[in-house]
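Report on one structure; see the data block that follows.
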Amino acid sequence: MASNASFDKKVVLKFENVSLAFGGLMALSCVSFDIKEGEILAIIGPNGAGKTCILNCINGFYKPQSGAIYFRGEEITKLSPYKIAAMGIARTFQNITLYPGMNVIDNIMSGRHILSKTGPLACALYLGKALREEIREREAVEYIIDFLELGRWRKENVGALPYGLQKRVDLGRTLALEPELLLLDEPMAGMNVEEKGDIAHFILDIHKGQGEIYSGNKTLSQGVKSIVMIEHDMGAVMDIADRVVVMDFGEKIVEGLPDEIRRDKKVISAYLGAEA
Amino acid sequence: MGETWPKLLGEKHIKYGDKKVAMRHKKYGLWRSYTWKDYYEKVKGVTLGLVHMGLKPGDKVMLLGHNEPHLYWAALGAITAYGVATSFPPDATLWETKYIMEQSDSRFAIVGGQEQVDKLLEIKGELPNLEKIIYWNLKGMSEYGDPILMNFNRLLEKGKEFEDNHPEFFEQLIEESNPDDLALLLYTSGTAGLPKGVLLTHKAGISSARKSIAAASLREDFEIFSHMPLAWFAAYTLELGIQLVNGMTVNFAEAPEAVLADMREIGPQFVVFTPRQWESLISQIQIRVADAGFLKRLCYRLFLPIGFAVFEKRGKLNPLWKVMYAIGFLLLFRPLKDQLGLLKVKSALTGGAPLSPEGFKFLNALGLNLKQTYGLTELNPITWHSDNDLKSETVGIPVTGTELKISEEGEILARGDHMFQGYYKDPEATQAVLSDNWLHTGDAGSIGPDGHLVYNGKVSDIIQLSNGKKFAPKYIEGKLKFSTYIKDAIVIEGNFLIALIQIDFETTGKWAERNDIPYNTLADLSQRPEVYELVGEQIDQINETLPEEAKLKRYFLLNKELDVDQSELTRSGKPRKNFIKEKYKHLWGEEENNKTP
């Protein structure tokens, strides 16, 4: 285990020589990169490059065979997903994984479950402390609903909402977790230009923090300073990412500023096509 | 000295303090309350903030925003600082906003948020009088750095600073406020041309509110719901005004589109809707019933006629009817009103314009105690239905302190102690409507032997039939609009009467689905021959009730909705007839020419 002192204070998450294999298939081979405080990092690459594997390793769904992942200096490689979530790492999924039979409020509320301090019995009786907590949590959720402009659909079952709105609810649920690091897996997949623009705005606003207006919700008022985003839309990546990591066949081929990536020969041939 | 808006606020503050809720606002999903003390303090902040920034007596303060408590605080703050509150609906276009900002010479604008700020920033170069734009909704505003902008909370802070240096100043302003001072500059809807600025004193506004409270029997413990744009005089009298006079609680929805849903959570005792809003409620009921199961439809068919009959027989019910109505109430009227959030309504009103007799009877059959009123921005109210004297064809009898007569030309003339002071910067227009100390309303009407006023639409809309008789097209339009499949109708006089029909997309769409008629848009549906026939059947039925000369000979289905932003409707949703007639004349032009002998 590395000692805390050896860590750059600015690094939120360290991904160190991580290799992951499924049988003979190398999903990630010796991938290393850092996520720094205050940056939006985009991970790009063709299908099957191992992008989602990286997120699955970070939030504990996959256990890599070698290498280590550190969150604020603490190794999290072997921790279970719920412990990692409780440390402040939240994620959305490429394929929406909401509770379709529950309404928008309850779906987002479910993200606050890990913050709950009352026991199951008190919650079941719904008295005193549990009731007060529920009201406080609901209020925190309402700020998220307002921020993501979901008020009109607040009481509708999520399964009946259009795809773009479901993606927003998914984002809302991760915000409910009050994360320090936000992992977004293709937040704009399947959207039209206008919806993509909306999501890009939401991501930038989440990153920046909204200050006074959402003073009742710590995450929204102060912002989530570190965000990792997997995205295929190069335009969106160039617009909002501070730094880009490019993956191909389970290997990191390059990392750098969006402009450098755009000009990089290896990236062009691997991902954007040889004659871009 | 008499009553003023600020004095009323001061009285209520002393009477209720923090013991009674004055306002409730749904914000972030929860209802947040403001007591009379909070209300008073906020108005104090706005007032002193504006004084601190140099507001002079008579300066205009423009209010642009959706109904939220801030809008009320701003309006009363401007008035208490001896300014004049002026406003326009927040959905106004850039062009309209510019016209009103220029016409009113507004020095300060207190606005909702980004949408209004964007509009004003775009035109501020052409508004030399405009000094500050104060906004209360912070959403999306963090990147705006224009020095003309100011956060509403900063205004309140400025007010606090001023108060620290000038204690008791606010109380003094209230004490010395004069009932004959101008308080409001409100704009007419402009059916005939550009909106005119109507100047109103404290006295006129308060007198209007008092007359309304008496006419609608409103009580202090009522809940009301604020949803009319504060740009209309009806909102000042029937929401803000009655609250200040009577101390009732005003509720504000989370967003304009959430009014109906939020209203249901509150259950107001007094509601005011425009005819258009009532008509859309009626068509919603009809749609839901058509979609309901067999039992519900049976209940509706069985008990609705009982509702009608009971309304007709008012007060003279024998026990059998009472029992039948009680069953109908349990099985139909109660659940229906509950669904619409109207269960607790003790008194309802149509504002803006009268509702068609058919719609009026329908809503009263549900037991809503709906009354009609007639009034203009210049003088409001003029008439009102009194209790147990509801007549579907009339708009009631003159309210206390109001006189009414009909000129030889058939125009409604009125006067009262709540009359306006004149049009802003337009003495000629003022002279034209107030020539002989009567307000010339421009509306046609007649007074029946029972003293009830019948409103017949604009004088300029009255047509002469081929037999020489005068006829109000409004009468036919009302009948047309009551049809489930017709949303709007305009009757135009040519060599014969023509109806321009806008179908109700929702109900007609459902009808088309039931009959396997494919369509995609309104443009498509409205031009289907089956729909043309469907409307034709409705028109045939209506024609049977009309005298020979007044029967509709032709009708056209519009392939789009009449649109406020295309000047076809006024901001309050009234059709601009002359404009529409001119715009669509190509529809019937040729045929008419061909038929001219």
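Keep in mind that the numbers below use all heavy atoms, side chains included, and drop hydrogens, waters and symmetry copies. Reminder, nothing fancy here: chain letters follow the sequence lines and each chain counts from 1.
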Can you spot which of Ile240(A), Leu41(A), Val244(A) makes a side-chain contact (heavy atoms from CB on, under 4.5 Å) with Met229(A)? Ile240(A)

Okay, Ile213(A) and chain B: the region with an atom under 4.5 Å from a heavy atom over there is both

Top contributor to chain B interface from Arg138(A), Glu139(A), Gln210(A) [non-hydrogen pairs under 4.5 Å]: Glu139(A)

Using a cut-off of under 4.5 Å for heavy-atom pairs, which of Ile145(A), Ile144(A), Asp146(A) has the most such pairs with chain B? Asp146(A)

Between the side chains of Glu223(B) and Arg24(B), is the shortest nitrogen-to-carboxylate-oxygen separation below 4.0 Å, so that they form an ion pair? yes

Going by an N to O cut-off under 4.0 Å, is there a salt bridge joining Lys27(B) and Glu142(A)? no

Is Asp262(B) close to chain A through its backbone or its side chain, or both, or neither, when contacts mean heavy atoms under 4.5 Å? neither

Checking Arg72(A), Lys10(A), Lys225(A) against Glu37(A) for side-chain hydrogen bond (donor to acceptor under 3.5 Å, both in side chains), the one that qualifies is Arg72(A)

